[in-house]
Asks: 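To start, I am sharing the structure in question, which I have written as structure tokens.
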There are 2 protein chains.
Amino acid sequence: MDEILKEALKLAVPSDEEVQRARLAELELKKRLEPFNVEFLLVGSYARNTWIRGNLEIDVFVLFSPELSKKELEEKIIQLGKQVFEKYELRYAEHPYVHGEILGVDFDLVPCYKVESADRIISAVDRTPFHHEWLKERVKGKENDIRLLKLFLKANGIYGAEYRVRGFSGYLCELLIVFYGSFIECLRNARSWTRRTVLDPKKGEVRNGEFFFVVDPVDDRRNVAANLSLDNLGKFVHLARLFFERPSLDFFIRKERKVPDNAIREAMGIRGTEIFALEFERPDIVEDNLYPQLERAGRKIYEMLRREGFMPLRFTYFASEKCYLLFECQVKELSRITRRLGPEFEDYENSKNFISKERIFEPFLEGGRWWAFEFRKHTKPEEAVADFAISNYQALGKNVGLKIREGFRILKGEEVLSAPILDKLADFLGIRI
Amino acid sequence: MDEILKEALKLAVPSDEEVQRARLAELELKKRLEPFNVEFLLVGSYARNTWIRGNLEIDVFVLFSPELSKKELEEKIIQLGKQVFEKYELRYAEHPYVHGEILGVDFDLVPCYKVESADRIISAVDRTPFHHEWLKERVKGKENDIRLLKLFLKANGIYGAEYRVRGFSGYLCELLIVFYGSFIECLRNARSWTRRTVLDPKKGEVRNGEFFFVVDPVDDRRNVAANLSLDNLGKFVHLARLFFERPSLDFFIRKERKVPDNAIREAMGIRGTEIFALEFERPDIVEDNLYPQLERAGRKIYEMLRREGFMPLRFTYFASEKCYLLFECQVKELSRITRRLGPEFEDYENSKNFISKERIFEPFLEGGRWWAFEFRKHTKPEEAVADFAISNYQALGKNVGLKIREGFRILKGEEVLSAPILDKLADFLGIRI
């Protein structure tokens with residue numbers, strides 16, 4: 001185990017060259033900011049020396065008076081960014097911020113309000129300086145354990161609080177290491193976490209609650225793990241158990257799956273399911289807005305498929321150049337006829353109406369109710385999806401719905417293999433590497 | 001309406017010739033019984049002059065002392081039958097009885113105990129003399145209304161309390177006419193019967209209860225309509241409404257459907273379902289024992305089909321030379337792969353076992369639980385049924401199960417048309433005439 005962690009550290013800790021480059025860039029930034037006489041603060045993983053090798057990005061928070069409007073903040077930070085960076089780019093979270101480069105190092109220049117305490121914050125980013133304040137002394141000596149945890153999570157696809165990942169944020173990683181003292185103690189304990197575990201780093205206590213909750217030491221109503229999905233929590237618990245059962249450096253190395261077309265084609269044949277994708281243009285919105293919409297759209301369609309009897313197995317979604325909603329159904333084709341529930345025989349008026357509808361086949365009584373044979377609109381799942389997408393686009397998320405309304409393609413069978421989604425497809429089908 | 005009832009009566013009332021023949025046979029029977037010095041009683045529809053044309057059968061109850069054993073009763077009635085009829089046959093209800101013919105008229109010679117009151121009866125048939133006693137004066141003047149009701153029910157397939165029919169017994173018909181006074185009043189009121197209607201002819205009152213109940217005037221705990229199925233009750237209510245909406249002689253004439261093969265073949269094509277039958281030897285048991293077993297077998301298989309995802313529409317059953325269980329499914333073929341529920345991720349031991357099973361595809365987390373892709377045993381409904389019939393024959397009714405165990409055939413598609421079940425099949429599919 002020690003040997004493995006030593007090897008993992010080599011992967012997690014930045015090289016001397018990277019650190020050197022960072023220091024130079026930091027100095028250069030400070031020099032450039034001097035003439036503007038702004039109050040600023042280095043926060044985040046660079047400020048606390050907890051970034052993982054090759055993932056250097058320096059967060060600089062510029063503090064403004066709460067008397068300024070959001071618009072003024074925005075103007076000022078853009079103004080500043082323009083003059084500090086040769087090349088800059090405006091990015092958006094809750095507010096806009098400026099992304100730029102100095103001496104080959106990435107910077108985020110983020111405006112925030114300088115408030116007295118964490119319960120007076122105006123926007124979520126205003127909390128960050130307080131997070132930094134709480135952590136900066138407490139992480140001392142534990143930096144490399146934090147790096148190990150981040151690398152472990154990253155290698156397994158659950159590092160990051162963004163909706164695309166729904167994993168562990170950097171801040172959450174640091175709190176966990178502060179709470180448990182080391183990477184190995186964190187993993188040892190994670191093996192028995194449940195969906196009701198509550199961790200309270202400030203009080204140093206573990207208790208049970210309604211759902212997995214890591215109490216923010218600067219605001220005890222806030223769940224630092226709010227964006228962590230239940231299944232990614234489960235995945236982490238599972239990985240922690242596996243790691244203790246059979247420790248290996250593999251847990252720190254991202255598996256590159258390069259699944260050949262043929263393996264997927266063969267899996268499709270073995271499964272005997274109907275696999276198809278809805279492909280449409282990617283709307284021009286940020287990922288944290290796009291992904292929840294894709295999930296909503298996928299879920300709505302999945303529910304329709306279930307309701308209509310196509311027995312869907314699973315759905316998934318992803319966005320690259322285009323967007324894809326992917327479905328797998330256990331039924332390729334249903335009968336044209338189905339049965340439809342009518343009124344109880346006692347209900348004269350409704351029975352009469354129900355029976356008198358024009359139908360090829362005669363209604364019948366079962367369990368004291370009338371039933372009729374009726375034709376279903378669609379016998380194939382992909383046809384049902386195409387029809388649903390056209391008539392229910394409003395239910396599929398605002399921007400996603402509108403893009404679907406503009407047009408979509410259904411990719412089925414071999415066509416799915418032609419889309420740039422092979423890795424996702426391999427995951428979706430549970431193909432082993 | 002009057003005109004229609006007048007025409008219907010012509011169909012319901014026995015011809016003079018039939019009545020004449022009955023009287024002669026009755027006299028002949030009495031003459032033949034005389035030397036044996038037994039106490040007997042004419043009961044049933046002949047005794048009360050309420051049999052329908054062409055359905056003459058004379059019920060003769062021979063009364064014995066309650067001191068005799070059932071076995072002695074049986075021996076005595078066989079002895080008597082042998083000497084009274086040239087040709088006789090032993091039949092079985094709760095006890096054996098003798099069926100014979102005199103002058104071309106059918107007789108049932110039934111042994112019963114002579115008890116003081118209906119609450120001291122030893123076997124169910126002992127109640128019949130009390131029924132006769134209660135009805136004989138009350139039906140006077142209403143005989144033809146009873147005949148109309150019986151014919152109406154018979155023409156629509158719901159006359160008879162036997163399990164094959166699950167309709168209205170003759171005794172129930174007579175009580176209904178006594179209760180309502182006439183055929184037309186009975187039908188008028190039946191339009192608003194519900195599954196909770198309770199009719200009490202002795203008290204002359206209608207009330208609500210837990211289910212449709214016609215109180216036996218000689219035993220108020222007994223439901224005379226116990227064998228009437230909910231759906232046949234509904235059918236009668238529906239027919240009564242139709243009859244008042246558009247009276248016609250057609251309600252008194254059995255529809256002979258002679259559906260051509262081609263109509264069924266065409267219907268099968270339109271429906272796009274999987275229609276198949278399980279065919280097996282008919283066990284040598286009475287119908288009232290056979291039919292409940294067939295229903296049970298059909299229901300068990302139907303439930304299995306539903307559980308396994310084949311989306312059955314309906315099932316039915318019938319016995320002619322052979323027995324048939326008939327099924328129609330909305331799914332002709334399912335995927336080989338399905339998903340199987342595993343433990344919650346917190347459950348270490350079970351998760352470990354679940355995940356470590358050898359499987360082609362990887363398990364996954366969803367909703368905080370483990371799931372796995374597994375192969376289903378059968379992808380086609382008829383294969384699932386064949387397998388279920390072999391391995392679960394004990395669940396399919398005692399005698400029916402044993403016959404199925406001895407062997408069966410699955411008839412599918414065109415083969416179903418070759419079985420002697422075309423009329424049943426046409427009904428089952430709701431093919432209109």
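Letters A, B, ... mirror the listed sequences (proteins, then strands); counts begin at 1.
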Asks: What is the ring orientation for A:Phe152 with A:Phe243, classed by angle as parallel under 30°, tilted 30 to 60°, or perpendicular over 60°?
Replies: perpendicular
Asks: Can the positive tip of B:Arg166 be found less than 6.0 Å from the middle of the six-membered ring of B:Tyr163, inside 45° of the ring normal?
Replies: yes
Asks: Can you tell which of A:Ile360, A:Thr379, A:Val331, A:Asp427 has the highest number of heavy-atom pairs within less than 4.5 Å of chain B?
Replies: A:Ile360
Asks: Tell me, side chain or backbone of A:Phe428 under 4.5 Å from chain B's heavy atoms, or both, or neither?
Replies: backbone
Asks: Given the ring of B:Phe211, does B:Arg196 sit roughly above its face, with NZ or CZ under 6.0 Å from the centre of the six-membered ring and within 45° of the axis?
Replies: no
Asks: Could you look at A:Trp370 and say if it's the side chain, the backbone, both or neither that has a heavy atom under 4.5 Å from chain B?
Replies: side chain
Asks: Testing A:Tyr302, A:Tyr317, A:Phe276 for ring-ring contact (aromatic ring centres under 6.0 Å, His included) with A:Phe327, which one passes?
Replies: A:Phe276
Asks: Who wins among B:Arg369, B:Glu245, B:Arg191, B:Lys235 for the most heavy-atom pairs under 4.5 Å with chain A?
Replies: B:Glu245
Asks: Below 4.5 Å, heavy-atom pairs only: which of A:Leu230, A:Thr194, A:Asp231 has the largest tally toward chain B?
Replies: A:Asp231
Asks: Got a salt bridge between B:Glu349 and B:Lys352, using NZ or NE/NH1/NH2 to carboxylate O under 4.0 Å?
Replies: no
Asks: Are side-chain heavy atoms of A:Tyr348 and B:Arg241 found at a separation under 4.5 Å?
Replies: yes
Asks: Given that the side chain runs from C-beta out, which part of A:Glu274 has a heavy atom under 4.5 Å from chain B: side chain, backbone, both or neither?
Replies: neither
Asks: Indicate the ring-plane relationship of B:Phe361 and B:Phe373, choosing parallel, tilted or perpendicular according to the 30° and 60° boundaries.
Replies: perpendicular
Asks: Taking A:Glu328, A:Met311, A:Arg195 one by one, which has the highest count of heavy-atom pairs under 4.5 Å against chain B?
Replies: A:Arg195
Asks: So which part of A:Arg359 gets closer than 4.5 Å to some heavy atom of chain B, the side chain, the backbone, both or neither?
Replies: both
Asks: Are A:Arg314 and B:Phe364 in a cation-pi contact, defined as NZ or CZ under 6.0 Å from the six-membered ring centre and within 45° of the axis?
Replies: yes
Asks: Does the side chain of A:Thr273 come under 3.5 Å of the side chain of A:Gln330 through a donor N or O and an acceptor N or O?
Replies: no
Asks: Where does A:Phe375 contact chain B at under 4.5 Å (heavy atoms): side chain, backbone, both or neither?
Replies: side chain
Asks: Among the options A:Arg271, A:Arg336, A:Glu344, A:Glu362, pick out the one with the most heavy-atom pairs lying under 4.5 Å from chain B.
Replies: A:Arg271
Asks: With a 4.0 Å cut-off on N to O distance, would you call B:Arg306 and B:Glu303 a salt bridge?
Replies: no
Asks: Would you call B:Glu374 and B:Arg339 a salt bridge, taking side-chain N to carboxylate O under 4.0 Å as the test?
Replies: no
Asks: What residues of residues 260-270 of chain A sit under 4.5 Å from chain B when you count only heavy atoms?
Replies: A:Ala267, A:Gly269, A:Ile270
Asks: With respect to chain B, which residue among A:Ser351, A:Gly309, A:Gly272, A:Pro363 yields the maximal number of heavy-atom pairs within a distance under 4.5 Å?
Replies: A:Gly272
